[in-house]
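All remarks here apply to the structure that follows.
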Amino acid sequence: MFKYGSDTLTTGKALAILRKELKAGISNKSREKISASHNIVLETVKKDKAVYGINTGFGPLCDTIISKNDTTELQRKILLSHSVGVGDSIDKELAKLMLILKMHSLCQGYSGISLAVLDRILWHIEEDVIPVVPEQGSVGASGDLAPLSHLFLPLIGEGKVMYKNKTMNSSEALKDHDLEPLKLHPKAGLALINGTQFILAHAVMCVDKLYNCLSHADIIGSLMIEGLMGSQMPFHEELHKTRPFKGNIHVAQRISQFLKDSQIGKSHMFCGKVQDPYSLRCMPQVHGSSRNAWLHLKESVETEMNSVTDNPVIISEDLIISGGSFHGQPLALPLDYACLAAAELGSISDRRTYLSLEGKYEGTPRLLFEDSGLNSGFMILQYTSAALVSENKGLCFPSSADSIPTSLGQEDHVSMGSIGGRKALRVIDNLEKILAIELLCAAQAFDFRKPLLSSEVLDDVHDTIRECVSFASEDRIFSLDIEKAIELIKERELLSTVAFHCEGFGDYDELFESY
């Protein structure tokens, strides 16, 4: 059982809790620390000393003192006034992940939150009563004020929730379970809505989905090398010792492993061709650089998910610090980096798809069809790939390069990390589709190398693909094939096939305690 606030949270554990593969709760030790922090808040309210967010207004109203009688109502009003989100609601998984990430942060005992509030959030997670959260409205400054406000409206009986595959008023869901809305104590509202959990939830999903794409890009790229009879020399260990970037070395080792003992590779060792195009021979440099960006995001995410990101932070009875731990910049920059890395992975994939259609490689027909003319073959699949690559380029402008002051100048520099997180996920979703198109072209090219065999692992990878999508000898509705290929990538069946053959398949990812 994972213990909120005590154990170290990783991307994998967060996703396991999300998908009910790992149970999570609050340990007695954490409950004691949480209660002690909460008591400090209650004692502070009794004193005349002004402490931000406990007995003062918020943002530019920080110099407005709130009477003792109004400190509770102040917390209710902050949830109402900050619920200004617009646009479509985020995916239910993302909203639930926000709850999980917020629980772990609050349970560390530096936020002054009460156990009653935390137990109610835990109920929402365990019963899958998930708040509806609009996707737009956060600038990633005091964290994600608007989305977090919507996330916690149900605590006070406001807003909407998703429950049993339908959307309903939160008051209705509470009534169905004989629960009453909570009356928030001093600082509760502020502790709930200060934080980076909207940005962080998107970043966690980016870590997971980009990892999957990186792994598939190496496999599909190797399949394409075989289909186009590319050289194995660019992946030689001795070459990459001379330029030892971790990502480059890992990708070169992995591709070499995939191509080992291939009859196809041996059949053209002395063909006289000197070099392949960059999209084939520079995979270690391009895929490897994207993998380095992924590692940077993963490290940043796992630091953030084990951090306290609200404000003020209660260190002790004598030390309550109002700082800037909610600022989204530590995630905003890595998310923009990862967004660019994902786009580049799609760009080089599209070039390999285009290369496979040219018919310049002996034995591989133009447009990957023996009978082209009457048939257009795989020509138009690359149009879709090109469109997705172009869309991704337009999404690569770094969100963190922008800042628009808010809160009457109190928040005069903001991260826009929430926008960066949303864009990065969109680029990765497009990348899955681009890789799916390359997968279809690589598998088709691979077929033209028969009866020669490849390595055991790539032959099995090809067999797995052919169980889902058959060889194309005449035109058909290729969007159906693309959908099957996308699903194959999302379900990660090819990773299981490769792991069966390749010992230590995940070693590189475990360098930083693989999720």
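- Side chain of K96 to backbone of L18: a donor-acceptor contact under 3.5 angstrom is found.
- The closest donor-acceptor contact from the side chain of T196 to the backbone of I199 lies at 3.5 Å or more, if one exists at all.
- Looking at heavy atoms from C-beta onward, D218 lies out of side-chain contact with L214 at the 4.5 angstrom threshold.
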Apply side chain to side chain contact (heavy atoms under 4.5 Å, CB included) to residues I220 and I489 and explain how you reach the verdict. CA-CA 10 Å; I220 296 165; I489 289 172; 4.3 Å; yes

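- In this structure, Q75 contributes its side chain and G189 its backbone to a donor-acceptor pair below 3.5 Å.
- Side-chain contact between S415 and S400 is absent, with no heavy-atom pair separated by less than 4.5 Å.
- D7 has no carboxylate O lying under 4.0 Å from a charged side-chain N of K13, or vice versa, which leaves the two without a salt bridge.
- Side chains of S27 and S6: a donor-acceptor N/O pair is present below 3.5 angstrom, by distance only.
- Taking the side chain as every heavy atom from C-beta outward, E93 and M205 approach each other to under 4.5 Å.
- Between L200 and M98, the closest side-chain pair of non-hydrogen atoms is not below 4.5 Å.
- Remark: the backbone N or O of A252 is not paired with any side-chain donor or acceptor of H240 at under 3.5 angstrom.
- C502 has its side chain within reach of F258: a pair of non-hydrogen atoms, C-beta onward, lies under 4.5 Å apart.
- Pairing each heavy atom of T309 with each of Q197, the nearest pair is OG1-NE2, 3.3 Å.
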Should N292 and K246 be marked as a side chain to side chain contact (heavy atoms under 4.5 Å, CB included) after you check the CA-CA gap, both sets of side-chain angles, and the distance that decides it? CA-CA 7 Å; N292 288 336; K246 288 180 181 178; 4.3 Å; yes

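- Residue E491 holds its CD atom at 10.0 Å from CG of N212, rounded to the nearest 0.5 Å.
- With rounding to the nearest 0.5 Å, the separation of CD1 in I321 from CD1 in I314 is 11.0 Å.
- For S142 and E411, the side-chain atoms include at least one donor-acceptor pair closer than 3.5 Å.
- The residues D144 and R422 are annotated as not salt-bridged, no charged nitrogen and carboxylate oxygen being separated by less than 4.0 angstrom.
- For the side chain to side chain contact (heavy atoms under 4.5 Å, CB included) with L15, the qualifying choice from V207, V204, T10 is V204, the only one to do so.
- Exactly one residue among I465, L439, L494 makes a side chain to side chain contact (heavy atoms under 4.5 Å, CB included) with L223. That residue is I465.
- The shortest non-hydrogen separation linking G5 to S30 is C-OG, 3.9 Å.
- Side-chain atoms of E493 and T464 form no donor-acceptor pair, as typed in the model, at a separation below 3.5 Å.
- Shown here is H236, whose NE2 atom has no more than 12 heavy atoms of other residues, nucleotides or ligands within 6.0 Å.
- H104 and Y4 have tilted rings, their planes meeting at an angle from 30° to 60° on a 0 to 90° scale.
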Derivation and outcome, side chain to side chain donor-acceptor pair (under 3.5 Å), residues N306 and T8: CA-CA 7 Å; N306 292 290; T8 300; 4.9 Å; no

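- Taking CG of L280 as the reference point, atom CD of Q275 lies at 12.0 Å (rounded to 0.5 Å).
- Within 6.0 Å of CD in E456 there are 12 or fewer heavy atoms belonging to other residues, nucleotides or ligands.
- Note that the CG atom of L435 and the SG atom of C213 stand 5.5 Å from one another [nearest 0.5 Å].
- Taking 4.5 Å as the limit, every side-chain heavy atom of L184 sits out of range of all side-chain heavy atoms of I78.
- In terms of modelled atom types and a separation under 3.5 Å, the side chain of H150 and the main chain of G85 share a donor-acceptor contact.
- Few gaps surround CZ on F235; more than 12 heavy atoms of other groups in view lie less than 6.0 Å from it.
- P312 places a side-chain heavy atom less than 4.5 Å from the side chain of K187.
- Residues E302 and T11 bring a donor and an acceptor atom of their side chains to less than 3.5 Å of each other.
- Of the residues listed (S111, S325, S105), the one engaging D310 in a side chain to side chain donor-acceptor pair (under 3.5 Å) is S111, and it is the only one.
- Between H124 and V129, the shortest heavy-atom contact is ND1-O, 2.8 Å.
- Side-chain atoms of E344 and S289 include no donor-acceptor pair closer than 3.5 Å.
- No donor-acceptor pair closer than 3.5 Å links the side chain of S349 to the backbone N or O of L345.
- Of all heavy-atom pairs between A436 and I482, the closest is CB-O, 4.1 Å.
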Could you give me the CA-CA distance, side-chain angles and deciding distance for F198 and L148, then say whether side chain to side chain contact (heavy atoms under 4.5 Å, CB included) is met? CA-CA 7 Å; F198 181 88; L148 284 168; 5.5 Å; no

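- The main-chain N or O of G324 is never found under 3.5 Å from a side-chain atom of N311 such that the two would form a donor-acceptor pair.
- Nearest heavy-atom pair across L106 and A191 is CD2-O, 3.9 Å.
- A side-chain donor-acceptor contact under 3.5 Å links T242 to the backbone of L239.
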Check the pair R351, E438 against side chain to side chain contact (heavy atoms under 4.5 Å, CB included), reporting the backbone distance first and the verdict last. CA-CA 9 Å; R351 292 300 81 209; E438 186 192 354; over 6 Å; no

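- The distance from the CZ atom of R492 to the NZ atom of K490 is 11.0 Å, given to the nearest 0.5 Å.
- No side-chain donor-acceptor contact under 3.5 Å links D350 to the backbone of G346.
- Formation of a donor-acceptor pair under 3.5 Å by the S356 side chain with backbone atoms of T353 is found in this model.
- Taking NZ of K433 as the start and CD1 of I437 as the end, the distance is 9.5 Å to the nearest 0.5 Å.
- With respect to E238 and K241, a salt bridge is recorded, a charged nitrogen being found less than 4.0 Å from a carboxylate O.
- H38 and I113 make their closest contact through CB-O, 3.5 Å (heavy atoms, listed as atom of the first residue, atom of the second, distance).
- Within a 6.0 Å radius of CZ in R281, other residues, nucleotides and ligands contribute more than 12 heavy atoms.
- Crowding of K260 atom NZ: a count of heavy atoms from other residues, nucleotides or ligands under 6.0 Å not exceeding 12.
- The existence of a salt bridge linking D119 and R31 is confirmed by a sub-4.0 Å separation between a basic side-chain nitrogen and an acidic carboxylate oxygen.
- With contacts defined as side-chain heavy-atom distances shorter than 4.5 Å, the pair M103/I26 qualifies.
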